[in-house]
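The structure appears right after this line, and notes come after that.
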Amino acid sequence: SRSARRRGCLVAVRRPDRPAPRPAPAAGVAVTPTLLQLAYSPWSARARWALDARGVAYEPRPYQPLLGELPLRWLRRGAGGASVPVLTTHDGPICDSIDIARWANARGAGPDLFPAGKEAELAALGDLADRAQAAGRARALRRMAASRDALQEQVPGFLRWAGPVSRGIAKVGTLRTIGKYGGASDDDARTELLGALDELREHLARGTEVDGVRTLLGAFSWADITAA
């Protein structure tokens, strides 16, 4: 694969004919990439697991909704929006979990996350997992907004002294996220989530079991990461 630029962020582009070049980092630039992530986001989890699967070292950094939005927008300048994960590399920022996974797949060692000839299956299973996780996010965010304890967990340490005020800030951030992604009613989201999970189980039942481990495409791949 190689790296291209899409509206300000790098995109990993598959080049099966030759491995990606590895440019030397500029002087003074940290070699270890930094992963800006949201701990409870399945899309951030996908990026972490892809990097881990390929054995690529990175420094995790938590994203604070609302408080961290301006720095995130600057990091994603030209790409638009304010979403994570974002992997900061010496090549530039990579702004989507699948692009982070493709970048990782060209580095390190481990299972091929994007096996040749499986592009259609990978895309279909990724879309199915997105449906399930978007529905799950909608339900989880509404519950977080209504839970004092859940809001408290979202408050960064340096603000916890503010008590109810800090929880209010966390609630504003959670409500903004709900507004950003929208979503169906809780009942509709539950129906969507259960339907998508049933489909994933059917795909997994048709998968191949090797050494007691069943995978979606016969070997561990990006499809298994997205569906986890």
Side-chain angles (χ1 to χ4, degrees), residues 1-20 35 37-38 41-54 56 76 79-81 83-87 89 91-139 180-184 188-189 191-210 213-228:
S1 68
R2 60 184 173 86
S3 291
R5 188 169 292 276
R6 179 185 64 194
R7 298 187 303 161
C9 289
L10 294 176
V11 180
V13 180
R14 187 176 181 86
R15 286 291 300 274
D17 55 319
R18 64 175 184 269
L35 181 66
Q37 58 170 333
L38 199 55
S41 164
W43 290 272
S44 291
R46 292 179 186 183
R48 292 194 306 270
W49 295 337
L51 292 164
D52 291 342
R54 295 292 298 179
V56 177
R76 293 177 56 94
S83 62
V84 291
V86 177
L87 185 72
T89 74
D91 299 311
I94 306 174
C95 301
D96 188 81
S97 59
I98 191 170
D99 293 328
I100 293 170
R102 289 193 181 280
W103 182 89
N105 204 49
R107 291 156 177 81
D112 184 3
L113 301 180
F114 298 92
K118 299 291 186 178
E119 292 82 4
E121 293 96 326
L122 286 165
L125 288 166
D127 289 344
L128 183 57
D130 281 342
R131 280 174 44 203
Q133 290 162 1
R137 174 178 58 195
R139 302 194 78 210
K180 175 181 177 181
Y181 293 108
D188 288 344
T191 299
E192 177 72 10
L193 176 59
L194 293 176
L197 290 175
D198 284 343
E199 289 187 52
L200 283 170
R201 290 189 188 98
E202 291 172 5
H203 281 284
L204 188 58
R206 297 194 296 268
T208 302
E209 186 172 320
V210 178
V213 177
R214 186 176 294 275
T215 59
L216 288 165
L217 297 180
F220 184 79
S221 71
W222 176 244
D224 300 293
I225 289 176
T226 61

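In this structure, the separation between CG on Asn105 and CZ on Phe114 is 6.0 Å, given to the nearest 0.5 Å. Interatomic distance, CZ of Arg206 versus CG of Leu217, reported as 11.0 Å (0.5 Å rounding). Expressed to the nearest 0.5 Å, how far CG of Asp96 lies from OG of Ser83 amounts to 7.5 Å. Between the CH2 atom in Trp222 and the CG atom in Leu122 there is a gap of 10.0 Å [rounded to 0.5 Å].
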When you look at Val56 and Trp103, which way does the side chain to side chain contact (heavy atoms under 4.5 Å, CB included) test go after all the steps? CA-CA 10 Å; Val56 177; Trp103 182 89; 3.8 Å; yes

Give the C-alpha distance, both sets of side-chain angles, the deciding distance and a yes or no for side chain to side chain contact (heavy atoms under 4.5 Å, CB included) between Asp112 and Phe220. CA-CA 8 Å; Asp112 184 3; Phe220 184 79; over 6 Å; no

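Ion pair Arg102/Asp99 not flagged as a salt bridge, since none of the NZ, NE, NH1 or NH2 atoms sits closer than 4.0 Å to an Asp/Glu carboxylate oxygen.
Nearest heavy-atom pair across Ala189 and Ala138 is CB-CB, 4.4 Å. Between Ser221 and Leu113, the closest heavy-atom pair is CB-O, 3.6 Å. Minimum heavy-atom separation, Val86 to Pro93: CG1-CB, 4.0 Å. For Val210 against Gly218, the heavy-atom pair with the smallest separation is CG2-O, 4.3 Å. Nearest heavy-atom pair across Ala223 and Leu216 is O-CD1, 3.5 Å. When every heavy atom of Pro111 is checked against every heavy atom of Ala53, the shortest pair comes out as CD-O, 3.6 Å.
Scored by the side chain to side chain contact (heavy atoms under 4.5 Å, CB included) test, Ala129 finds Arg46, Gln133, Thr226 as partners (sequence neighbours excluded). Judged as a side-chain hydrogen bond (donor to acceptor under 3.5 Å, both in side chains), and not counting sequence neighbours, Arg137 has no contacts. With sequence neighbours left out, the side-chain hydrogen bond (donor to acceptor under 3.5 Å, both in side chains) criterion links Glu121 to no other residue. Partners of Leu200 by side chain to side chain contact (heavy atoms under 4.5 Å, CB included), not counting sequence neighbours, listed by chain and number: Leu125, Leu128, Leu197, Ala227. In this structure, the side chain to side chain contact (heavy atoms under 4.5 Å, CB included) partners of Gln37, at least two apart in sequence or on a different chain, are Leu35, Ser44, Arg48, Pro60. Under the side-chain hydrogen bond (donor to acceptor under 3.5 Å, both in side chains) criterion, Asp52 pairs with Tyr58, sequence neighbours left out. Applying the side-chain hydrogen bond (donor to acceptor under 3.5 Å, both in side chains) rule to Trp43 yields the partners Asp130; only residues at least two apart in sequence or on another chain are considered. In this view, Arg54 satisfies the salt bridge (Lys or Arg N to Asp or Glu O under 4.0 Å) rule with no residue, not counting sequence neighbours.
Pairs passing the salt bridge (Lys or Arg N to Asp or Glu O under 4.0 Å) check and including a residue from residues 213-228, sequence neighbours excluded, read Glu209-Arg214.
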